[in-house]
Amino acid sequence: MRDDELDHILSRHVDIVPSSGFAASVMETVRSETAGPPPIAFPWKCAFPGLAAAAILLVSVVVVLVRGVNDAPSLPSQSMVSTTVPQLINAAKTLGVGWILLSLLLTLVSVTIPTSLIRATPPQ
């Protein structure tokens, strides 16, 4: 297709008119949607314990890191890393991070396996 043919096609003005009853059917659908029940609210009361646990974990990791930096400010960086890592491991053991990671892993597996099975099943 040449440029002048393309310009000719694009220069034509064609009025697009909706089919009869289109606007009325759209407005009827909008009215029926607004007349329905309101959407279900997010269950914030159930989410707050998890958010609080995540915040506590974040604050405790920051505290452990700050203590490690304040306890040995004159040590070289290699020595600081060697003292901070065991502190982080001890804090993780104290907070039960292993159990949290295990529960996250089990959740991931219990969601991933059925999802992959559903995707592998051909539609009927």
Side-chain angles (χ1 to χ4, degrees):
M1 183 174 280
R2 295 186 324 238
D3 287 340
D4 57 342
E5 291 175 347
L6 186 59
D7 289 338
H8 177 67
I9 292 171
L10 293 176
S11 66
R12 290 188 297 180
H13 180 69
V14 178
D15 288 333
I16 299 175
V17 179
S19 61
S20 63
F22 176 75
S25 67
V26 169
M27 289 309 297
E28 180 60 34
T29 305
V30 169
R31 286 186 193 101
S32 67
E33 287 292 323
T34 57
I40 298 172
F42 185 79
W44 286 106
K45 290 180 183 177
C46 296
F48 281 139
L51 293 173
I56 290 170
L57 181 65
L58 180 66
V59 167
S60 62
V61 167
V62 169
V63 166
V64 167
L65 287 175
V66 168
R67 278 190 194 160
V69 170
N70 288 340
D71 288 344
S74 62
L75 296 175
S77 63
Q78 180 68 21
S79 178
M80 186 176 81
V81 169
S82 66
T83 59
T84 304
V85 171
Q87 288 177 345
L88 286 174
I89 292 172
N90 287 336
K93 287 179 183 177
T94 303
L95 295 171
V97 172
W99 289 108
I100 294 170
L101 291 177
L102 178 65
S103 66
L104 289 173
L105 178 66
L106 288 174
T107 302
L108 179 67
V109 168
S110 66
V111 169
T112 304
I113 290 175
T115 305
S116 64
L117 290 175
I118 289 171
R119 287 184 182 153
T121 306
Q124 296 178 0

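Small disclaimer: the values here were computed from a predicted structure and weren't measured.
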Which atom of F22 lies closest to which atom of P18, heavy atoms considered: CD2-CB, 3.9 Å
Anything under 3.5 Å between a donor and an acceptor, one on a side chain of residues 97-114, the other on a protein residue two or more places apart or in another chain? List them.
{"residue": "S103", "atom": "OG", "partner": "W99", "partner atom": "O", "Å": "3.4"}
{"residue": "S103", "atom": "OG", "partner": "I100", "partner atom": "O", "Å": "2.7"}
{"residue": "T107", "atom": "OG1", "partner": "S103", "partner atom": "O", "Å": "2.8"}
{"residue": "S110", "atom": "OG", "partner": "L106", "partner atom": "O", "Å": "3.1"}
{"residue": "S110", "atom": "OG", "partner": "T107", "partner atom": "O", "Å": "2.9"}
{"residue": "T112", "atom": "OG1", "partner": "L108", "partner atom": "O", "Å": "2.6"}

Report, one line per pair, each donor and acceptor closer than 3.5 Å where one atom sits in a side chain of residues 32-59; sequence neighbours left out.
{"residue": "S32", "atom": "OG", "partner": "E28", "partner atom": "O", "Å": "3.4"}
{"residue": "S32", "atom": "OG", "partner": "T29", "partner atom": "O", "Å": "2.8"}
{"residue": "T34", "atom": "OG1", "partner": "V30", "partner atom": "O", "Å": "3.2"}
{"residue": "T34", "atom": "OG1", "partner": "R31", "partner atom": "O", "Å": "2.9"}

Pairwise side-chain contact, H8 with D4, heavy-atom cut-off 4.5 Å (strictly under): no
Linked hydrophobic residues, M27 as query - side chain contacts closer than 4.5 Å: none
Heavy atoms of other groups near D3 CG, more than 12 under 6.0 Å: no
